[in-house]
Amino acid sequence: MSFITGFFIILGSLLILVSTIGLIRMPDFYTRIHAAGITDTLGQILIIFGLILYEGFSLISLKLIILVAFIFIANPTATHALARAAYIKGVKFWSRQSDNSN
């Protein structure tokens, strides 16, 4: 059981690492928030699922399941709200012409 628990925790940690790399490598706000929103949510859920498996059936695992449900609802909603606020504020989209590295 500890092998499966470790697998989920390591996989979730790797997804959060990929999310961090996406924040650094992506060219504009919208692609950064897309990279962070998807992989960060799944990484957090996988880590918490690994903790649920480690804990077994108890009150703590029930609280972790409630936390997973909250993350599943709150993270995409927050990502959408940030993207919408940036769009309304007028944050420009990335284009090849606006890239200064050429």
Side-chain angles (χ1 to χ4, degrees):
M1 185 59 89
S2 66
F3 174 76
I4 297 170
T5 300
F7 174 74
F8 280 114
I9 291 174
I10 290 172
L11 186 62
S13 299
L14 288 174
L15 277 173
I16 291 175
L17 178 67
V18 168
S19 175
T20 306
I21 293 170
L23 281 174
I24 295 169
R25 297 284 299 159
M26 295 296 170
D28 73 333
F29 175 77
Y30 297 105
T31 54
R32 287 177 185 163
I33 199 168
H34 178 73
I38 294 173
T39 55
D40 191 40
T41 302
L42 183 59
Q44 290 173 10
I45 289 175
L46 286 175
I47 289 173
I48 293 173
F49 186 67
L51 294 174
I52 290 170
L53 289 177
Y54 179 75
E55 184 60 35
F57 185 72
S58 67
L59 183 62
I60 294 172
S61 62
L62 179 64
K63 291 176 184 180
L64 289 171
I65 290 171
I66 293 169
L67 183 63
V68 165
F70 178 73
I71 288 172
F72 188 72
I73 293 170
N75 279 4
T77 305
T79 302
H80 175 75
L82 281 172
R84 182 176 167 93
Y87 180 75
I88 290 171
K89 188 71 175 170
V91 175
K92 300 290 183 202
F93 293 102
W94 177 78
S95 68
R96 181 66 74 178
Q97 290 79 24
S98 67
D99 190 13
N100 293 332
S101 65
N102 291 351

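What you are looking at is a predicted structure, and each value in this text was computed from that prediction instead of being measured. Start at 1 with the first residue, then count along the sequence.
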Name the atoms and distances for all side-chain donor-acceptor pairs under 3.5 Å in residues 11-19, with sequence neighbours left out.
{"residue": "Ser13", "atom": "OG", "partner": "Ile9", "partner atom": "O", "Å": "2.9"}
{"residue": "Ser19", "atom": "OG", "partner": "Thr39", "partner atom": "OG1", "Å": "3.4"}

Review item, side-chain donor-acceptor pairs of residues 65-72, under 3.5 Å, at least two apart:
none

| message | Can you list everything that forms a side chain to side chain donor-acceptor pair (under 3.5 Å) with Asn75? Sequence neighbours excluded, please. | response | Thr41, Gln44
Identify every side-chain donor-acceptor pair in residues 49-63 under 3.5 Å, counting partners at least two apart or on other chains, and give the distances.
{"residue": "Glu55", "atom": "OE2", "partner": "Ser58", "partner atom": "OG", "Å": "3.4"}
{"residue": "Ser58", "atom": "OG", "partner": "Ile60", "partner atom": "N", "Å": "3.4"}
{"residue": "Ser61", "atom": "OG", "partner": "Gly56", "partner atom": "O", "Å": "2.9"}
{"residue": "Ser61", "atom": "OG", "partner": "Ser58", "partner atom": "N", "Å": "2.9"}
{"residue": "Ser61", "atom": "OG", "partner": "Ser58", "partner atom": "O", "Å": "2.7"}

| query | Leu82 and Ile33: which non-hydrogen atoms are nearest, and at how many Å? | reply | CB-CD1, 3.3 Å
List the atom pairs, with distances to 0.1 Å, where a side-chain N or O of residues 21-31 and a protein N or O form a donor-acceptor pair under 3.5 Å, not counting sequence neighbours.
{"residue": "Asp28", "atom": "OD1", "partner": "Thr31", "partner atom": "N", "Å": "3.2"}
{"residue": "Asp28", "atom": "OD1", "partner": "Thr31", "partner atom": "OG1", "Å": "2.6"}
{"residue": "Asp28", "atom": "OD2", "partner": "Trp94", "partner atom": "N", "Å": "3.0"}
{"residue": "Tyr30", "atom": "OH", "partner": "Ala86", "partner atom": "O", "Å": "3.4"}
{"residue": "Tyr30", "atom": "OH", "partner": "Tyr87", "partner atom": "N", "Å": "3.1"}
{"residue": "Tyr30", "atom": "OH", "partner": "Val91", "partner atom": "O", "Å": "3.1"}
{"residue": "Thr31", "atom": "OG1", "partner": "Asp28", "partner atom": "N", "Å": "3.4"}
{"residue": "Thr31", "atom": "OG1", "partner": "Asp28", "partner atom": "O", "Å": "3.1"}

